[in-house]
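The chains referred to below are lettered A, B, ... by the order of the sequence lines, with proteins before strands, and numbering in each begins at 1.
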2 protein chains.
Amino acid sequence: MTSKVETVVSVRSRNFVHSENLPQKVVSLLYGDIDSGVLAPGNRLPTEQQLAARLGVSRNVIREAIAQLRADGIVEARQGIGVFVLAPEQRAAIRIDRAALQDAGNMERLFELRSVLETEAAALAAIRRSPDQLAAIKAHLDRMSGEERWEDGSIDADLAFHREIAKATDNTYIHTFISFVCEQIRQTIYYARKINPLHDLVTVNVGEHVRIYDALVAGDPKAAAHAMRHHIHGAAERVGVKLGEYPREAETAAKRKKAAT
Amino acid sequence: MTSKVETVVSVRSRNFVHSENLPQKVVSLLYGDIDSGVLAPGNRLPTEQQLAARLGVSRNVIREAIAQLRADGIVEARQGIGVFVLAPEQRAAIRIDRAALQDAGNMERLFELRSVLETEAAALAAIRRSPDQLAAIKAHLDRMSGEERWEDGSIDADLAFHREIAKATDNTYIHTFISFVCEQIRQTIYYARKINPLHDLVTVNVGEHVRIYDALVAGDPKAAAHAMRHHIHGAAERVGVKLGEYPREAETAAKRKKAAT
DNA sequence: AAAATTGAGTTGTAGGATGATATGAGGACT
DNA sequence: AGTCCTCATATCATCCTACAACTCAATTTT
């Protein structure tokens, strides 16, 4: 078999809460210990037997959990010695706790990341989009417009619209990252709709998308970036999140006080 | 025990041929079958026992391998039925061969993503950075300046500088994403130095960093973004990659021909 | 003192046994 | 005939024991 070095970007476990595996629980637990510093980088994990005994599961479950951590680059297992926590620089693993996304503050940060990524992506897409990609983007836009209310289909079309733009950047990495974020957004929206019914501002939403699309057609990166940023800020507000001022256009914000973390 | 749903972005590296695990081999094998279409989306995998018998390993090994595929969102195991290959849309898992990073084109895309992310991050950091974070950034800058040539230590300090800025955005997601990209960059640089010795333009490099730092101190997001963008384009050139024009400042580029993907 | 041996501890692999869950076949009842 | 129930079967999920391979340190031997 090939000895490739691969990079895997993965969205783990969709919204099925139904039956979380035992190994998954162990993974969450160990992740928590590592994040909270109980298990610092360089530390050795308890032995598989100890973990099995402490958590009341079999050693196989522990092994599957550790296999995942190892696959994610969080720990390193050395036969005959033990399992060790890797330094954050080495681990290069992103973990987004989806439960944390239900916090409004985290949702705000997620939308901010989205703004950062997609604003520039729109500018790139405006320059590079092919006619075919324009058509695909238009198709999603039409599908979105067809919906009367903000239903699931509309959300799917909305996100597909954004993914298509990301694809039009002709940059796999940007596409990958934005797809990833979009998936998070989808989960977040599903949750947000449970706690408070969203405003049915389809008209506004579609209008914002149309402006983005027009900028792409015109091949105007500046306009595309601006329209995208405006849209994402609007979308954030519609799910109950208020983003800060546009960083690039509002230097005055530099004077506001910032509490140290 | 918590019932968290998690999302993980991970770098998996199995270039170490020395001790490739049995489960890793099985993962590679199944990945290959899925990629090549032998196992199409919707198909059911052979049962654990069949796989174990066919590959001559124990079921535990098969289980660990499948657990990883499941963690990556490639397959879905349903108790009592079997393990099924997910459709690419559902799987939301993209595999990037790191060998591809050694292609100049991919390196260019990676730097482009970096530009997208860090430009905006610099603007945010200019607004939000705390005094402590400024000090930390300065420390990395000094460490970088101390090096005579572009050695490993200098590279580490360089990347740490960027990570610290990402951290100063006060946005965990942005920080995480940029850290991830930085790690890819590090791998890329190590490779790039093998094929052709890099230019030792430490002075230039440090100068660019100083400009970024000054903008952060001044709290000027526009200047920070501009300095960062300029720096990343310069850094890309120093490793032999020429990025396109600044998308936001050069609308004229919209007219250039673009071959469809 | 240096080298070889031994032993304990740990992860890696093997294989069986049992529980949980989904599917489909067959029969009983309406 | 159609519906519902029960049961056998297939499969994953978990548990268990045992052994192999590896590392390290203490012990013994040279």
Side-chain angles (χ1 to χ4, degrees), chain A residues 1 3 12-14 16-30 33-34 39 42-86, chain B residues 1 3-5 12-14 16-30 33-34 39 42-86 90-91:
Chain A
M1 197 33 51
S3 65
R12 170 184 301 169
S13 98
R14 22 216 127 271
F16 307 142
V17 197
H18 64 301
S19 70
E20 191 172 67
N21 279 343
L22 243 34
Q24 288 294 338
K25 291 184 186 173
V26 176
V27 166
S28 294
L29 195 75
L30 291 177
D33 280 354
I34 291 173
L39 289 172
N43 284 162
R44 211 195 68 183
L45 268 63
T47 70
E48 295 176 348
Q49 297 191 359
Q50 288 173 341
L51 282 173
R54 181 185 310 173
L55 304 180
V57 297
S58 80
R59 189 169 155 235
N60 278 352
V61 172
I62 302 293
R63 279 196 64 79
E64 279 194 27
I66 290 182
Q68 285 192 30
L69 292 182
R70 204 174 33 178
D72 289 347
I74 306 296
V75 301
E76 176 188 22
R78 288 190 285 181
Q79 186 173 2
I81 311 179
V83 181
F84 296 86
V85 180
L86 290 178
Chain B
M1 198 166 295
S3 68
K4 291 177 183 174
V5 180
R12 167 187 306 163
S13 73
R14 48 177 186 273
F16 310 129
V17 196
H18 65 294
S19 71
E20 193 173 61
N21 280 343
L22 245 30
Q24 289 294 340
K25 290 184 186 173
V26 176
V27 167
S28 296
L29 197 76
L30 292 177
D33 280 354
I34 291 174
L39 289 171
N43 284 162
R44 209 197 69 187
L45 268 65
T47 69
E48 296 175 348
Q49 297 195 358
Q50 287 174 341
L51 281 173
R54 181 184 308 172
L55 305 180
V57 298
S58 77
R59 287 203 321 283
N60 276 344
V61 173
I62 302 293
R63 278 198 63 80
E64 281 193 23
I66 290 181
Q68 279 187 228
L69 292 183
R70 205 174 32 179
D72 288 348
I74 306 297
V75 302
E76 176 188 21
R78 289 192 288 182
Q79 189 173 190
I81 312 179
V83 181
F84 296 86
V85 181
L86 290 178
Q90 302 174 346
R91 83 176 61 148

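B/N60 contributes a side-chain N or O that forms a donor-acceptor pair with the base of C/dG15 under 3.5 Å.
Distance, A/L51 CG to D/dC15 P: 14 Å, rounded to whole Å. Going from atom CZ of A/F84 over to atom P of D/dT23 covers 12 Å, rounded to whole Å.
Applying the side-chain contact (heavy atoms from CB on, under 4.5 Å) rule to B/D33 yields the partners B/V38, B/L39; only residues at least two apart in sequence or on another chain are considered. The side-chain contact (heavy atoms from CB on, under 4.5 Å) test applied to A/R54 returns A/P46, not counting sequence neighbours. Not counting sequence neighbours, the partners of A/E48 by the side chain to side chain donor-acceptor pair (under 3.5 Å) test are A/R59, A/R63.
Of the options A/N43, A/V83, A/L86, a side-chain contact (heavy atoms from CB on, under 4.5 Å) to A/V75 is made by A/V83 and by none of the others.
Taking CZ from A/R44 and CZ from A/R78, the interatomic distance works out to 10.5 Å, rounded to the nearest 0.5 Å. Rounding to the nearest 0.5 Å gives a distance of 7.5 Å between CD of B/Q68 and CD of A/Q68.
Phosphate proximity of C/dT13 to B/S58: absent, as no side-chain N or O sits under 4.0 Å from OP1 or OP2.
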Polar-atom pairs under 3.5 Å, protein N or O versus N or O of nucleotides 10-13 of chain D: list them with distances, or write none.
from	atom 1	to	atom 2	distance (Å)
D/dT11	OP1	B/R44	NH2	3.3
D/dT11	O2	B/G80	N	3.3
D/dC12	OP2	B/E48	N	3.3
D/dC12	O2	B/Q79	OE1	3.4
D/dA13	OP1	B/R70	NH1	3.1
D/dA13	OP2	B/R63	NH1	3.1
D/dA13	OP2	B/R63	NH2	3.3
D/dA13	O4'	B/Q79	OE1	3.3

